[in-house]
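Along the sequence shown, residues are numbered consecutively beginning with 1. Bear in mind that the values here come from a model prediction, so they are computed numbers and not experimental data.
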Amino acid sequence: QDAEVVRTRDPERLAQCDVVVDVGGEYDPERHRYDHHQRSFAQSMQSLQPTKPWTTKLSSAGLVYCHFGSQILAGLLGQPEDGPVVTALYDKLYENFVEEIDAIDNGIAQTDGEPRYALTTNLSARVGHLNPRWNDPDQDTEVG
């Protein structure tokens, strides 16, 4: 709750961070590095938690959820992390919310063929609207 959020791609600055998400080019949960942007990265919920059925490639959001989702839900609910309530909610939240983020972030099409419609109001699109446009002369993401 007292964490400082730093937005950077500077490797020297990243090396000083306790937790790095979605940048840095490495996935190493022991060092709290949660990036999925490596050619060799192919982790899914099932590959990290074999009892889970989902095989969608994880995004950094999915990695953080995979490693901390149960703990966070347990704390919010005041329930045991391995209890049935937390387990059921963890699974439902992944299946009905986080998996979509993973798929969209990794460029996985919603259908096997031509998409029938555009998703323009999903979470990924809303976050994207907060970022500067690619040709915006001011690329400062901290400007409100």
Side-chain angles (χ1 to χ4, degrees), residues 1-79 81 85-144:
Q1 72 183 11
D2 297 324
E4 175 189 357
V5 176
V6 176
R7 289 184 58 142
T8 186
R9 294 186 191 282
D10 178 1
E12 291 178 19
R13 190 105 189 259
L14 293 174
Q16 299 170 5
C17 295
D18 296 323
V19 179
V20 177
V21 177
D22 208 32
V23 294
E26 70 178 308
Y27 168 57
D28 182 355
E30 291 183 15
R31 294 182 45 244
H32 293 297
R33 299 306 190 245
Y34 304 99
D35 195 8
H36 69 113
H37 294 108
Q38 308 85 293
R39 289 187 192 272
S40 61
F41 185 86
Q43 300 293 343
S44 67
M45 188 65 79
Q46 187 180 64
S47 71
L48 296 177
Q49 296 184 30
T51 62
K52 302 299 183 191
W54 305 286
T55 59
T56 301
K57 180 180 168 185
L58 295 170
S59 66
S60 294
L63 283 171
V64 170
Y65 187 77
C66 180
H67 288 282
F68 298 103
S70 290
Q71 179 183 351
I72 292 168
L73 291 170
L76 290 170
L77 297 170
Q79 297 280 323
E81 190 173 339
V85 172
V86 170
T87 300
L89 187 55
Y90 177 89
D91 289 352
K92 285 294 184 188
L93 277 172
Y94 184 77
E95 185 172 17
N96 295 299
F97 183 66
V98 180
E99 186 176 26
E100 176 184 340
I101 296 168
D102 289 341
I104 290 171
D105 197 16
N106 283 301
I108 300 169
Q110 187 179 16
T111 64
D112 288 356
E114 187 73 24
R116 293 181 183 92
Y117 57 92
L119 295 174
T120 59
T121 60
N122 60 48
L123 180 62
S124 296
R126 290 177 189 199
V127 170
H129 292 306
L130 298 174
N131 292 323
R133 290 190 171 90
W134 70 271
N135 60 351
D136 191 336
D138 183 6
Q139 291 292 316
D140 187 357
T141 58
E142 299 301 317
V143 173

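The nearest pair of heavy atoms linking S60 to D35 is OG-CA, 3.6 Å. What you find for I101 and A61 is that their closest heavy atoms are CG2-CB, 3.9 Å. In this structure, Q49 and C66 approach most closely via the heavy-atom pair NE2-O, 3.1 Å. The two atoms that bring M45 and Y94 nearest to each other are CE-CD1, 3.3 Å, heavy atoms only. Nearest heavy-atom pair, D18 versus H32, reported as atom, atom and distance to 0.1 Å: O-CB, 3.4 Å.
Residues meeting the side chain to side chain donor-acceptor pair (under 3.5 Å) test with N106, sequence neighbours left out: H36.
Using a 4.5 Å heavy-atom cutoff, the side chains of V20 and E26 are not in contact. With contacts defined as side-chain heavy-atom distances shorter than 4.5 Å, the pair I72/Y90 does not qualify. Using a 4.5 Å heavy-atom threshold, the side chains of D91 and K52 count as touching. Taking the side chain as every heavy atom from C-beta outward, S59 and Y34 never approach each other to under 4.5 Å. Looking only at side-chain heavy atoms (C-beta outward), V19 and V64 stay at 4.5 Å or farther from each other. Contact of the V98 side chain with the W54 side chain is not registered, since no non-hydrogen atoms from C-beta on lie closer than 4.5 Å. Annotation: side chain of V23 is not in contact with side chain of H37 (no heavy-atom distance under 4.5 Å).
Proximity of a side-chain donor or acceptor of Q43 to a complementary backbone N or O of L58 within less than 3.5 Å is not detected.
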Checking side-chain contact (heavy atoms from CB on, under 4.5 Å) for the pair R33/L14: CA distance, chi angles, key distance, verdict? CA-CA 10 Å; R33 299 306 190 245; L14 293 174; 5.8 Å; no
Test log, rule side-chain contact (heavy atoms from CB on, under 4.5 Å), inputs D102 and Y65: CA-CA 11 Å; D102 289 341; Y65 187 77; over 6 Å; no
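Salt-bridge annotation for D28 and R31: present, with a side-chain N of the basic residue lying under 4.0 Å from a carboxylate O of the acidic one.
Note that the CD1 atom of I104 and the CD atom of E99 stand 11.0 Å from one another [nearest 0.5 Å]. The OG1 atom of T56 lies 11.0 Å from the CD atom of E100; values are rounded to the nearest 0.5 Å.
Residue-environment remark: CG (N96) exceeds the threshold of 12 foreign heavy atoms within 6.0 Å.
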